Number of protein chains: 2
Amino acid sequence: MLTIGKLGQAAGVKVPTIRYYEQIGLLPEAERSAGNQRLYSRKALDRLTFVRHARELGFTLDAIRDLLSLSDNPDQPCAAADAIAKAQLAEIEKRLARLASLKVELNRMVAQCAGGRIADCRVIEVLSNHSLCATDHRHPQAGNDH
Amino acid sequence: MLTIGKLGQAAGVKVPTIRYYEQIGLLPEAERSAGNQRLYSRKALDRLTFVRHARELGFTLDAIRDLLSLSDNPDQPCAAADAIAKAQLAEIEKRLARLASLKVELNRMVAQCAGGRIADCRVIEVLSNHSLCATDHRHPQAGNDH
DNA sequence: CTTGAAGCTACAGTAGCTAGAGACATTAGA
DNA sequence: TCTAATGTCTCTAGCTACTGTAGCTTCAAG
């Protein structure tokens with residue numbers, strides 16, 4: 001049995017985050033010690049590790065909730081889990097493409113700004129002049145890459 | 001002079017977002033028509049377009065605020081703007097690397113889940129078994145790629 | 001037995017929007 | 001010119017995924 005601190009260390013998740021996950025029902029309520037402290041089993045560690053990795057892969061907590069409930073009753077075809085993973089993969093590919101083109105643009109910006117004054121510097125110009133801009137014309141708020 | 005809706009369309013930013021930007025002081029307060037509706041000049045459009053592109057490049061609103069204030073008094077060396085852009089570039093390169101490795105892993109997951117049942121499917125296993133995992137051991141919460 | 005770290009609850013705050021309610025303004029068509 | 005539709009106004013609340021604070025209790029080491 002692990003205390004919350006050890007669990008957090010083992011899984012690579014901060015203690016308040018674990019409590020938050022419990023609070024929103026992503027993790028089951030933990031057993032408690034005589035002194036009311038949370039105690040975790042190895043199984044709980046696996047579950048939390050799963051959550052952490054899924055988060056790193058960019059899954060939302062909702063998607064993770066789905067995956068966990070799938071894994072809790074494993075006598076079903078795994079098409080559902082597969083669909084979630086595939087959707088995630090598509091998302092990641094989109095982000096990769098965007099980041100790659102953004103990188104090109106930022107590189108150009110930095111290269112052009114070679115110690116001049118701002119008036120001569122194109123860092124800002126590149127960002128306000130659309131014709132100089134390699135990015136596509138997608139919907140704007142899609143810009144918040146998370 | 002543009003109404004807020006036209007401005008939003010021209011810049012590719014949603015109307016409530018423009019009002020939000022004004023509210024937090026990222027954009028100056030707009031002129032008003034006789035009927036109290038916001039009116040925007042071409043300069044305002046440039047500024048908003050700048051903000052939009054900067055957001056797409058992953059700059060935080062705080063960084064954008066800095067860049068805007070730099071561009072508002074351009075008689076300084078552009079080292080500061082350059083530094084902001086360079087920091088951003090480093091960020092983007094980190095994200096690119098992570099997303100690339102995540103993509104490999106997700107691809108593997110999807111490939112392994114070829115119509116079996118969840119019990120035989122490694123989508124979930126891959127995510128709970130650290131030894132199968134290609135991602136690094138960074139700090140977990142860094143997972144939210146903003 | 002004491003001290004300091006780690007745990008507890010509860011609540012507030014963060015970024016960057018997004019959505020809804022209810023009222024007023026503007027514009028296009030009959 | 002009237003009307004209906006659309007656009008805009010303010011305000012408030014909500015969202016995700018945490019993070020931080022305050023003020024307390026519990027636990028392990030020396």
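Quick note on labels: first sequence line is chain A, next is B, and so on, each numbered from 1. Being a predicted model, the structure only gives us computed values, none of them experimental. What's counted below: heavy atoms across the whole structure, side chains too, no hydrogens, waters or symmetry copies.
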Trainee: Between C:dT18, D:dA17, C:dG7, which nucleotide has the shortest distance from any of its atoms to the side chain of A:Tyr20?
Mentor: D:dA17

Trainee: Are B:Arg32 and D:dT8 close enough that a side-chain N or O sits under 4.0 Å from OP1 or OP2?
Mentor: no

Trainee: When you measure from the side chain of A:Lys14, which nucleotide among D:dT10, D:dT19, C:dT9 comes out closest?
Mentor: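 Side chain of A:Lys14 sits closest to D:dT19.
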
Trainee: On the nucleotide C:dG7, are OP1 or OP2 found under 4.0 Å from the side-chain N or O atoms that A:Thr3 carries?
Mentor: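 For A:Thr3, the contact criterion (side-chain N or O under 4.0 Å from OP1 or OP2 of C:dG7) is met.
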
Trainee: Of all the choices, D:dC18, D:dC27, C:dT9, which nucleotide is nearest to the side chain of A:Arg19 once you look at every atom?
Mentor: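 Given the options D:dC18, D:dC27, C:dT9, the side chain of A:Arg19 is closest to C:dT9.
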
Trainee: Would you mind telling me which of C:dT18, D:dC18, D:dT8 lies closest to the side-chain atoms of B:Val15?
Mentor: D:dT8

Trainee: Closer to the 5' end of DNA chain C via nearest nucleotide, is it B:Asn36 or B:Thr60?
Mentor: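 Its nearest nucleotide being more 5', the pick is B:Thr60.
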
Trainee: Atom CD1 of B:Ile4 and atom P of D:dG7: how far apart are they, to the nearest Å?
Mentor: 13 Å

Trainee: Between C:dC8 and A:Arg38, is there an OP1 or OP2 to side-chain N/O distance shorter than 4.0 Å?
Mentor: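 Yes, A:Arg38 has a side-chain N/O under 4.0 Å of OP1/OP2 on C:dC8.
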
Trainee: Quick one: B:Gln9 CD to D:dT6 P, roughly how many Å, whole number?
Mentor: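 The distance from CD of B:Gln9 to P of D:dT6 comes to 15 Å, rounded to the nearest Å.
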
Trainee: Once you round it to whole Å, what is the distance between C1' of D:dG7 and NZ of B:Lys6?
Mentor: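 From B:Lys6 NZ to D:dG7 C1': 10 Å.
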
Trainee: With DNA chain C as reference, determine whether B:Leu61 or B:Gln37 sits nearer its 5' end, using the nearest nucleotide of each.
Mentor: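 Final value for this comparison: B:Leu61.
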
Trainee: Please report, rounded to the nearest Å, how far the C1' atom of C:dC8 is from the CG atom of A:Leu39.
Mentor: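 Rounding to the nearest Å, CG of A:Leu39 and C1' of C:dC8 are 13 Å apart.
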
Trainee: Taking CD1 from A:Ile18 and C1' from C:dG7, how many angstroms apart are they, rounded to a whole number?
Mentor: 12 Å

